[in-house]
There are 2 protein chains.
Amino acid sequence: MPELPTAPALFPVTVDVVALTVRNDVLNVLLITRLIDPFRGMLALPGGFVLSGEDLATAASRELAEETGVDRVPGHLEQLASYGPKGRDPRGDVLTVAHLLLAPDFPVLSAGSDAEQAAWYPVTQVLDGGLQLAFDHRRILGDALERAKSKLEYSPLGAAFCGEEFTIAQLRAVYEAVWGTRLDPRNFHRKATGTPGFLEDTGRMTAGDAGRPAALFRLVEAARPVAGQPSRAVLNPPLMRPRD
Amino acid sequence: MPELPTAPALFPVTVDVVALTVRNDVLNVLLITRLIDPFRGMLALPGGFVLSGEDLATAASRELAEETGVDRVPGHLEQLASYGPKGRDPRGDVLTVAHLLLAPDFPVLSAGSDAEQAAWYPVTQVLDGGLQLAFDHRRILGDALERAKSKLEYSPLGAAFCGEEFTIAQLRAVYEAVWGTRLDPRNFHRKATGTPGFLEDTGRMTAGDAGRPAALFRLVEAARPVAGQPSRAVLNPPLMRPRD
DNA sequence: TGATTTATTGTCAATCTGACGATAAATACC
DNA sequence: GGTATTTATCGTCAGATTGACAATAAATCA
């Protein structure tokens, strides 16, 4: 990074949040309906401008709070990627730093008539179906989905979609929803419980549901991801392990 | 992303490039010596301001070209992460979008006396040893190294450090340098050549080196990463595979 | 009281992995 | 030239992992 040449170009910077959750065994994304131009009336990712003196993670959680009413980050928030600044906003060059939130299903603010209404939408409806998104948000959602899929492969972040305590079946439903596949319950159980440093039996059980009660697990403390930071691989062996 | 409120804050945006290569079996990073304040005389990552009308990837490759003299991107360039804008530049809030370049060893411009001199430095000297970096570049380098390490685990990007054609031993040297470990040559050979869709035998052999000549391989066309885009996992099986 | 549903434990063959022996094919040394 | 050395490559074998699927456990449902 060299000196200020004459005067460097200045850009408005926004954060956008791709909030994903699993509802009714289907992956959902949180979208708001835009009330003003450009793209008025269209669906968009929640987000907004970074304020001066503010950090990216701060801005992302602030915008999430403003547009959904949550009082604190309800899951795992990490940076996804940055887009722009060229040619993604009709008003001019705007850089956006997209973030990814993996969270249990949480209620969104039922805002008044003049606020931007946030709501959950099935991801497939947006990516395959006819739902249009503002700006380049469709591409961002696509990248977010890719990231989420691969995160499940080699990190314990699947648990971020569950609450504090969860059953193996609930965890499996997350994998099935994100990957869009079915998994063998018996093999999944073996792998999930057999992976060292992943799950911890709470000793408690579910009750009241149909079928045999299930044991409740929680994420091992050390496996819990640090907010905003990349999470260490836990589930998968590398290409090859060191000999020493 | 809502409307322009009153007037959104504007930020200078820079790109920084963490260029990694393997020289003499050791992972090296490209650094420049700063000629002006702040941090004059200190080592820093190559980078600079994003110009108006420019995209991030464009800016990154332009800055790399300006500071090293390469005429085109000499390896795999992808976005790493964004940092700031708060509290990382004494002159004020500056957002930087860090990029990661994985490339074969390439010569850097021997600039005149008034240009910023770029040179390769062993990564361990920076992270463990006494070398200080300007701004938050030490943290960025640390993140880049983490990313590079994990990329090798589940993507074919190790080959990005090699030239067009390479031997299995050269590829293994990459893994050993990035991971800082030793790998069993026989098992590595088996895994590398046995992974479908990874390597392709060119039919040609090395000659002149000590020992038995080695077969030359190249990356399978379909496995070649798209510049700037995340690369599909190739080497490792996922946590669990779809049943259907 | 079954019938049904869901959870959990096993079993077994195929594959993969890690440790390491043996052989192949070049250069290096004398 | 002949042998030592170096590096590449192929094989072997036991243990771990995976995928397919049987069997059992423990609840609700009808």
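Here is the naming used below: chain letters follow the sequence lines, and residue numbers restart at 1 for every chain.
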Rounded to whole Å, please give me the gap between [atom1] in [X] and [atom2] in [N].
X	N	atom1	atom2	answer
B/Arg186	C/dA22	CZ	P	11 Å
A/Leu183	C/dA7	CG	C1'	16 Å
B/Arg182	D/dT7	CZ	P	11 Å
A/Arg172	C/dA7	CZ	C1'	9 Å
A/His189	D/dA23	NE2	C1'	15 Å
B/Asn187	C/dA19	CG	P	8 Å
A/Arg212	C/dT9	CZ	C1'	8 Å
A/Asp184	C/dG10	CG	P	16 Å

- Task: Determine: side-chain N/O of A/Lys191 to OP1/OP2 of D/dT17, distance under 4.0 Å, yes or no.
- Result: no

- Query: Among D/dA8, D/dA20, C/dA26, which nucleotide sits nearest the side chain of A/Arg190?
  - Reply: D/dA20

- Query: Mind checking whether B/His137 and B/Phe135 have parallel, tilted or perpendicular rings, split at 30° and 60°?
  - Reply: tilted

- Task: Check for a donor-acceptor pair, side chain of B/Arg172 on one end and backbone N or O of B/Phe188 on the other, with a separation under 3.5 Å.
- Result: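 Flag not set: sc B/Arg172 to bb B/Phe188 has no pair under 3.5 Å.
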
- Query: Within the side chain of A/Asp55, is there an N or O that forms a donor-acceptor pair under 3.5 Å with the backbone of A/Ala57?
  - Reply: no

- side chain to side chain contact (heavy atoms under 4.5 Å, CB included) evaluation trace for B/Leu20 with B/Val123: CA-CA 9 Å; B/Leu20 299 178; B/Val123 168; 4.1 Å; yes

- Task: Mind running a 4.0 Å heavy-atom check of residues 199-210 of chain B against DNA chain C and sending the residues that fall below it, in number order?
- Result: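 Listed by number, they are B/Asp209, B/Ala210.
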
- Over 12 foreign heavy atoms within 6.0 Å of CG, A/Asp201: yes

- Item | Pair B/Arg218 + B/Glu164, salt bridge at N-O below 4.0 Å |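 Salt bridge absent between B/Arg218 and B/Glu164.
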
- Query: With distance as the sole criterion, is a donor-acceptor pair present between the side chains of A/Ser82 and B/Ser82 under 3.5 Å?
  - Reply: yes

- State, to 0.1 Å, how close A/Asp16 and A/Gly47 come at their nearest heavy-atom pair, and which atoms those are.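 That closest heavy-atom pairing would be OD1-CA, 3.7 Å.
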
- Nearest-nucleotide comparison on DNA chain D, the residue closer to the 5′ end among B/Gly211 and B/Ala215: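 The residue whose closest nucleotide sits nearer the 5' end is B/Gly211.
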
- Angle of first-five versus last-five pair axes in the helix from C/dT1-D/dA30 to C/dC30-D/dG1, to 10 degrees: 0°

- Item | CA sep, side-chain torsions, deciding dist, call: A/Phe217, A/Thr167, side chain to side chain contact (heavy atoms under 4.5 Å, CB included) | CA-CA 6 Å; A/Phe217 291 81; A/Thr167 68; 6.0 Å; no

